[in-house]
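Written below as structure tokens is the structure these notes are about.
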Amino acid sequence: MNETPQKQNTTPPTECKAWSQLATHAESWKGVHLRELFANDVARSVQFVAEAPGVRLDYSRQRVGAITLRLLSHLAAERGLPEWREALLSGKKINATEDRAAWHTALRAGNDSPQEVRDTLARMRSIATKLRSEKSFRRIVNLGTGGSDLGPRLVADALGDGTLEVRFAANVDPRELERALEGADPASTLFIVVSKTFTTQETMANAEAAKRWGARKFIAVSSNVDAARKFGADEILPMWDWVGGRFSVWSAVGLAAMCATGADAFQDFLDGARQIDRHFAEAPLEKNVPVLMALLGAWNANFLGAATHAVLPYSNALRLLPSYLQQLEMESNGKRIDREGRSIGYATAPVLWGMEGTVSQHSFHQLLHQGTQVVPVDFIDISTNELLTANARAQADALAFGTDDASLPPHRQYPGNRPSSILFLEKLNPGNLGRLIALYEHKVFVQGVLWNINSFDQWGVELGKEMAKKLLTRR
Ligand code: F6P
């Protein structure tokens, strides 16, 4: 049964009053430069700031004013955001095309989590703690792809403490598994096969290759218990149909991450995300950080014409964040059909891309500063390293203000007026990584509401899979 909110707005967003007001308002922004906005309003850098637990969002360098924000909030209200938010957080079946809930928040709800979630977390804790203390396995290899890989890979890479060597193989190209197994021996290598469906070609191919290599022990994480049993997994941890792959790092899909970080750190990661869930549920729309992130993204994409969006974490530990967010945002909101099955005539998810700063500065920032496309940027600034912080801030200022010196030759001029936000985290720890990921999850959900799309299915990936299968059977 489809459990969309009673008060849902089924009209296309373009027919909302606030949408046409925003379109008119966007016209009035033509020719307004961020330089002037800062010069004319000394309070701008404190006015356009919002806080959530552990995180500060500075969006003063976005091309918005108080009226823009008011209209964007009206749009969110007209789209029924409060009702949709309630439906998401209470586990209603809002993924209508698959008749499922999208209840990832229940995975980090502590004592309010369903019993099966708490039991699974306890099993994960006992497995990870034993593996980390006994060291009977020197290497853990996670076999999975998409949401069954990107989340645990990101968390392990960002926060792994080196107690266990945790590797990942996602590609059907055998080279990745070969690399993950370099220097390993079958007796001391444990494989975690993560696949919600347990049918994904890449993961199954890698799991079979691991068997041929002589693997002795497999833990499976799946909702397809029969298939995992048939494969011969020694232990099976559950996944639930109400958790989407790209929202699943909080579940047993995170087992490899827990092995890398320790169970307490993983719990802190969950607790950090839970704080953001509470903020998302309770903060007024105009102060709600994930809501603001979503509204600003929609403003840039739908009214200022941005086709892409860059995420630049100024942190080597977060170097995998852009690829994680690519799946989260683009698999969720890269859609052209709305909830009513109509073709969409407005922009949905922009192409998300990025790289760790400062490395990115010596690669593609030329285009950010002087290219013909305007690319809104999220800078992620972990305020523990002054070199990184100074660089992130300098890039944001250079994009916003550019140069104002007519004596410079054209090739040395920077137009500026290029929007960005800075997300400040005090340090990179498990709680803050949980907070950061949860912020983007809710941002994605809010944008789905604004655009009237189901963010929780991914039918667009099926055709290619079927075609590849056919090509293989024809051989
Ligand atoms: O092909 C896309 C996808 O279905 C993702 O949504 C998912 O995260 C990934 O494949 C892996 O799926 P599974 O966990 O079922 O192997």
Side-chain angles (χ1 to χ4, degrees), residues 94-104 107 120 124 141-156 168-173 176-177 180 191-210 218-231 233 236-257 320-335 349 352 437 440-441 444-445 448 453-472:
I94 58 173
N95 174 359
T97 60
E98 295 177 321
D99 192 26
R100 293 173 185 169
W103 209 21
H104 37 281
L107 298 169
T120 304
M124 288 168 68
V141 181
N142 190 89
L143 306 177
T145 193
S148 297
D149 166 74
L150 292 163
R153 195 190 281 253
L154 163 67
V155 177
F168 293 82
N171 202 330
V172 74
D173 183 339
E176 194 180 15
L177 181 59
F191 289 85
I192 307 178
V193 186
V194 186
S195 177
K196 182 171 168 183
T197 53
F198 229 77
T199 56
T200 303
Q201 188 191 55
E202 291 87 336
T203 306
M204 294 305 111
N206 281 329
E208 290 301 337
F218 288 97
I219 297 178
V221 179
S222 185
S223 57
N224 187 351
V225 175
D226 288 346
R229 210 172 275 142
K230 206 157 150 219
F231 170 78
I236 303 170
L237 291 170
M239 269 188 89
W240 301 282
D241 74 345
W242 43 267
V243 183
R246 55 193 172 274
F247 297 88
S248 67
V249 63
W250 325 98
S251 71
V253 169
L255 180 62
L320 299 182
L321 184 69
S323 46
Y324 177 82
L325 294 180
Q326 283 182 324
Q327 187 200 16
L328 181 64
E329 296 217 359
M330 297 200 281
E331 200 172 74
S332 299
N333 286 341
K335 310 271 166 77
L352 189 147
I437 296 177
Y440 277 97
E441 282 183 350
V444 162
F445 167 71
I453 54 184
N454 176 6
S455 303
F456 300 107
D457 61 8
Q458 58 284 321
W459 296 100
V461 301
E462 292 306 320
L463 182 61
K465 288 185 195 170
E466 281 161 27
M467 285 181 161
K469 246 187 247 159
K470 272 191 204 139
L471 287 171
L472 282 168

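For reference, positions follow the sequence shown, starting with 1. Just so it is clear, the values below take in all heavy atoms, side chains as well, and ignore hydrogens, waters and symmetry mates. Both ligands and their constituent atoms are indexed starting at 1 by order of listing.
- Using a 4.0 Å cut-off to heavy atoms of Q458, the atoms of ligand 1 that qualify are 6 (O).
- Remark: among candidates R246, E202, K465, the nearest residue to atom 10 (O) of ligand 1 is K465, based on non-hydrogen atoms.
- For atom 5 (C) of ligand 1, the nearest protein heavy atom (residue, atom name, distance) is E331 OE1, 3.5 Å.
- Rounding to the nearest 0.5 angstrom, the gap separating the OG atom in S195 from the CG atom in D149 is 11.5 Å.
- Both the backbone and the side chain of K196 come within 4.0 Å of ligand 1, counting heavy atoms alone.
- Distances between N or O atoms of G147 and those of ligand 1 include at least one value under 3.5 Å.
- Distance check: K470 NZ to L472 CG gives 12.5 Å after rounding to the nearest 0.5 Å.
- Taking the charged nitrogens against the carboxylate oxygens, E466 and K469 have no contact shorter than 4.0 Å, which rules out a salt bridge.
- The residues D457 and K335 are annotated as salt-bridged, a charged nitrogen and a carboxylate oxygen being separated by less than 4.0 angstrom.
- Here is the list of ligand 1 atoms found below 4.0 Å of a heavy atom in S195: 13 (P), 14 (O), 15 (O), 16 (O).
- Against a heavy-atom cut-off of under 4.0 Å, V461 is close to the following atoms of ligand 1: 1 (O), 2 (C).
- For atom 11 (C) of ligand 1, the nearest protein heavy atom (residue, atom name, distance) is T145 O, 3.3 Å.
- Under the 4.5 Å side-chain criterion, counting only non-hydrogen atoms from C-beta, Q458 is in contact with R246.
- The single protein non-hydrogen atom nearest to atom 12 (O) of ligand 1 is T200 OG1, 3.6 Å, given as residue, atom name and distance.
- Between T203 and ligand 1, no pair of N/O atoms sits closer than 3.5 Å.
- Contact annotation: Q327 has at least one heavy atom less than 4.0 Å from an atom of ligand 1.
- Formation of a donor-acceptor pair under 3.5 Å by the K196 side chain with backbone atoms of N224 is not found in this model.
- Ring centroids of Y324 and Y440 are separated by 6.0 Å or more, keeping the two rings apart.
- Counting protein heavy atoms only, atom 15 (O) of ligand 1 is closest to T197 OG1, 2.6 Å.
- Note that CG of N454 and OG1 of T97 are 4.5 Å apart. Values are rounded to the nearest 0.5 Å.
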